[in-house]
Amino acid sequence: MIKGPKDILILILALGALAVSIVFLPWSELGFTGNFPDWLSAVTNYFGVNKIFAELGTNKDLISLVKSSDAQHNLGDYAYSLFLFGVITASAIAIVLVGKEDNAEKTVLEVKK
Amino acid sequence: MAQSKPVITLVCERAADLNSLLDSKGNLAEMPDVHVVKFPCSGMIQPLMIEAALKAGAGGVIVCGCQIGDCYYREGNKMIRDRLLGERPPGLKKATDRRRIMALWLSRMQKQRFIAESKEFIYRVQALDIQEGISAGNKASANPAPTVAAKPAVTAPTAAPVVDSSSTSTPTAATTSAPAAAKPTIRPPTTATTPATEKSSSTPEAESDKTSST
Amino acid sequence: MTSSVQNESNDNWLKQGYNHFIDIANKITLAIEDGINIAVTSKYNPLYYHGALPQFYLWVLFLSGLLLFAYYVPTIDNAYLSNRLINAWTSVQYITNSIPFGGVIRGIHRYAGDAMVLFIFLHAIRVWFTDRYRQYRWIQWVSGVVLLLMVLFIGQTGYYLVWDERSLLLTRMTVSALEALPIIGAPLKAWFLNGDTITNLTLSNFLFIHIGLSFALLFVLWLHYVRMTRPVITPPPAVNFVLVGILLLAVFLVPITSGKMADLNSQPNTYEVDWFFLFNYWLMSHMSLAVFWVSMTAAAVIATILPWLVKNVSPPVIPAEVVISKCTGCSLCYRDCPYQAIEMVPAPAGSRFKLLATVNIPRCSSCGICVGACAFDAIDLPQLPDANVLSEIKTFAEAK
């Protein structure tokens with residue numbers, strides 16, 4: 001399945017998108033503070049991503065951004081949809097950059113042996 | 001080279017708009033060696049037409065359709081592209097010199113791109129002609145027997161414009177001469193190449209039978 | 001005599017104006033497409049998948065609608081069943097505020113509907129400007145107009161289902177508009193309300209219309225696709241991602257909320273207009289009902305018959321012809337024809353072959369793709385026989 005550097009790049013980008021979308025879920029659902037229940041802190045510690053949440057929990061610009069939605073309830077859901085928007089748009093751009101063919105307007109035939 | 005071989009352009013009339021570039025005979029005013037044949041859709045172009053052009057002595061063939069994804073008739077340009085690439089029947093015959101074929105997928109406004117690409121293509125084809133003129137000479141002297149039997153025209157290697165039927169033989173000539181000197185002595189006697197040259201001189205029905213089966 | 005001459009000159013003036021307009025519109029469309037091609041290449045140009053864009057949103061709507069349907073309660077009140085009021089409005093509130101991601105799903109459902117209408121218009125405008133809707137394509141155009149009207153109506157019923165004050169007002173406006181129709185007005189009103197007045201049954205009828213018509217869309221879509229070989233109904237993943245991203249951003253920026261719960265005793269008279277679905281209610285409140293119905297009907301009729309109104313602009317299609325003596329029945333042209341205009345029929349008795357290609361004339365676009373598919377010179381365009389092409393090629397190639 002993996003044939004060249006392009007495929008490896010695709011795999012890295014896909015895993016990155018997946019990681020970002022999973023990481024932001026607890027953060028947005030639990031009120032953007034990074035204060036997690038013990039089990040989740042243990043998990044984030046285990047993966048070494050707890051620092052990200054600590055940083056996110058104190059970043060005022062980011063918090064004011066995700067709170068700028070007019071939603072009355074479940075603000076975390078809406079904040080998470082904003083992050084998914086970011087991830088999915090970045091993925092789309094990545095796919096286009098990886099997949100676009102520079103010679104889409106020209107076909108030169110390969111010489112057959 | 002004083003006189004270059006003609007180049008045939010098979011173009012979809014909805015693709016790059018060449019009307020303003022043509023003279024009264026349907027040749028490009030800027031490059032009178034390029035003749036333009038218009039089709040309602042690039043999907044109408046038969047691989048047979050390309051082969052016929054090369055066989056009749058054209059130096060190269062340019063196929064021009066609309067941008068891939070934007071065919072007025074939905075999928076004509078994809079069809080001819082896949083046919084050229086051998087992914088959809090009927091395809092080109094094996095013996096066809098694929099270096100002399102170029103396909104462009106240009107929208108109506110991209111005539112400048114067309115001119116630029118076709119100029120480059122003509123240079124490429126002319127380089128091929130020169131290379132083949134030399135290699136045909138080498139070949140004729142190195143191993144004259146099989147080639148002479150198949151095509152008498154090759155015996156006059158210096159007169160480049162005369163080589164009429166040699167365009168069908170070019171793949172063998174080119175691939176054999178340049179990279180490996182050992183190959184020419186091995187290839188011509190094998191049965192793989194000789195039927196192809198026989199086929200090209202037989203009836204069109206037999207040719208098409210062959211193309212559809214491959 | 002004089003009147004016919006006058007007609008003709010009128011016709012010419014109109015025709016010229018129309019052609020001029022389409023010419024400019026076509027050039028602008030091409031320029032936009034060229035710009036997008038430079039940025040993302042033709043492979044990811046969304047305008048080359050313009051028909052697949054609303055189709056993608058339809059799947060999004062089906063999926064998000066299914067999730068909403070799981071919790072929706074189509075009643076006005078069920079006071080007899082429960083002490084707490086549970087009705088359409090409260091169930092929508094429950095979905096929006098209590099279910100995890102319920103509000104986001106609701107927002108996606110709403111904005112996917114808006115986006116679908118937007119992209120249907122984009123699709124229609126592109127096929128109009130690039131002249132890809134007439135002649136052998138009339139069935140796609142007419143079914144497309146029907147699909148658009150259905151989508152608009154389905155979207156409106158979606159606005160009734162929320163059952164806030166706007167829903168009540170829209171329902172009442174619809175009833176008064178239907179009542180204004182002669183003869184069919186009264187039965188239509190009874191059908192719409194599922195009775196004479198707004199009751200619990202009314203909302204279950206709205207829900208039925210909303211979901212039932214949505215599935216009926218699939219049938220009309222079949223008509224929309226039936227004459228096209230290999231219809232392009234799926235955009236590439238990158239485009240899909242962007243389409244979903246647009247929805248998610250809209251959900252975040254403008255979360256969907258309901259107004260106050262509808263009260264049958266109140267008389268709400270102002271509401272927020274959703275320009276994608278509710279523009280006709282805006283029109284309705286700015287003109288008399290008679291004018292409204294006449295103009296809406298006229299617009300629908302003109303949209304439907306547009307392919308025939310501009311009939312004279314381009315030359316007629318001259319269908320391809322099969323050379324029976326050469327056809328081997330190999331089916332290549334049948335497989336490649338983009339409009340399913342070629343049918344393989346049993347070959348006449350005495351033939352060496354089993355099948356014979358025939359051209360279904362009304363479907364033929366005269367594109368010549370079948371000529372390109374034929375390795376036996378067995379199919380030809382009468383206006384451009386491939387023998388002529390070959391001789392033109394040979395003449396030029398040998399002249400040098």
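Numbers restart at 1 for each chain; the letters A, B, ... are given by sequence-line order, proteins then strands. These numbers were taken from a predicted model, which means no experiment stands behind them.
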- Message: Tell me whether the rings of B:Tyr73 and C:Tyr339 are parallel (<30°), tilted (30 to 60°) or perpendicular (>60°).
- Response: perpendicular
- Check: C:Thr229 and B:Glu75 side chains under 4.5 Å, non-hydrogen atoms: yes
- Beyond-backbone contact of C:Ile393 with B:Val61, side-chain heavy atoms, under 4.5 angstrom: no
- Task: Check each atom of C:Leu47 against the heavy atoms of chain B and say whether the ones under 4.5 Å are side chain, backbone, both or neither.
- Result: neither
- Message: Could you measure the distance from the CD atom of B:Gln46 to the CG atom of C:Leu390? Nearest 0.5 Å is fine.
- Response: 6.5 Å
- Task: Indicate the atoms forming the closest heavy-atom contact of B:Ala53 with C:Ala397, along with that distance.
- Result: O-CB, 4.0 Å
- Item | For C:Phe396 against B:Ile8, the heavy-atom pair lying closest together | CD2-CD1, 3.7 Å
- Query: For atom OH of C:Tyr136, is the number of surrounding heavy atoms from other residues, nucleotides or ligands below 6.0 Å larger than 12?
  - Reply: yes
- Query: By a 4.5 Å heavy-atom criterion (distance strictly below it), what part of C:Asp336 contacts chain B: side chain, backbone, both, or neither?
  - Reply: both
- Query: Is it the case that more than 12 heavy atoms not belonging to B:Tyr123 sit under 6.0 Å from its OH atom?
  - Reply: no
- Part of C:Thr130 within contact of chain B (heavy atom distance under 4.5 Å): backbone
- Message: Let's test your reading of the structure: which of C:Arg230, C:Lys43, C:Lys394, C:Arg335 forms the most heavy-atom pairs below 4.5 Å with chain B?
- Response: C:Arg230
- Query: At what distance, to the nearest 0.5 angstrom, does CD1 of B:Ile45 lie from CG of C:Asp386?
  - Reply: 12.5 Å
- Item | Straight-line distance of C:Lys27 NZ to B:Arg108 CZ, nearest 0.5 Å | 8.5 Å
- Item | Exercise: identify the closest heavy-atom pair between B:Pro40 and C:Cys367 | CG-O, 3.7 Å
- Output the distance between atom OG1 (C:Thr41) and atom CD (B:Gln67), rounded to the nearest 0.5 Å. 9.0 Å
- Item | Shortest non-hydrogen contact between C:Tyr48 and B:Ile68, atoms and distance | CD1-O, 3.7 Å
- Query: Tell me, side chain or backbone of C:Asn37 under 4.5 Å from chain B's heavy atoms, or both, or neither?
  - Reply: side chain
- By a 4.5 Å heavy-atom criterion (distance strictly below it), what part of C:Glu33 contacts chain B: side chain, backbone, both, or neither? side chain
- Within-4.5 Å side-chain heavy-atom neighbours: B:Asp70 and C:Ser42: no
- When the 4.5 angstrom heavy-atom criterion is applied to B:Arg88 and chain C, the contacting part is side chain
- Message: Taking the cut-offs as 6.0 angstrom to the six-membered ring centre and 45 degrees off its axis, would you call B:Arg74 and C:Tyr225 a cation-pi pair?
- Response: no
- Could you state the interatomic distance from CD1 (C:Ile38) to CD (B:Gln110), rounded to the nearest 0.5 Å? 7.5 Å
- By a 4.5 Å heavy-atom criterion (distance strictly below it), what part of B:Met79 contacts chain C: side chain, backbone, both, or neither? side chain
- Give the member of B:Met109, B:His35, B:Arg14 that has the highest number of heavy-atom pairs under 4.5 Å with chain C. B:His35
- Query: Can you tell which of C:Pro231, C:Ser366, C:Ser365 has the highest number of heavy-atom pairs within less than 4.5 Å of chain B?
  - Reply: C:Ser365
- Message: If the contact rule is any heavy atom under 4.5 Å from chain B, which residues of residues 237-246 of chain C qualify, in numerical order?
- Response: none
- Message: To the closest 0.5 Å, what do you measure between CZ (B:Arg83) and CG (C:Leu332)?
- Response: 8.0 Å
- Query: What part of B:Cys12 lies closer than 4.5 angstrom to a heavy atom of chain C: side chain, backbone, both or neither?
  - Reply: neither
- Note on the structure: Most contact-rich option vs chain B, by heavy-atom pairs under 4.5 angstrom, among C:Cys330, C:Cys374, C:Ala373, is C:Ala373
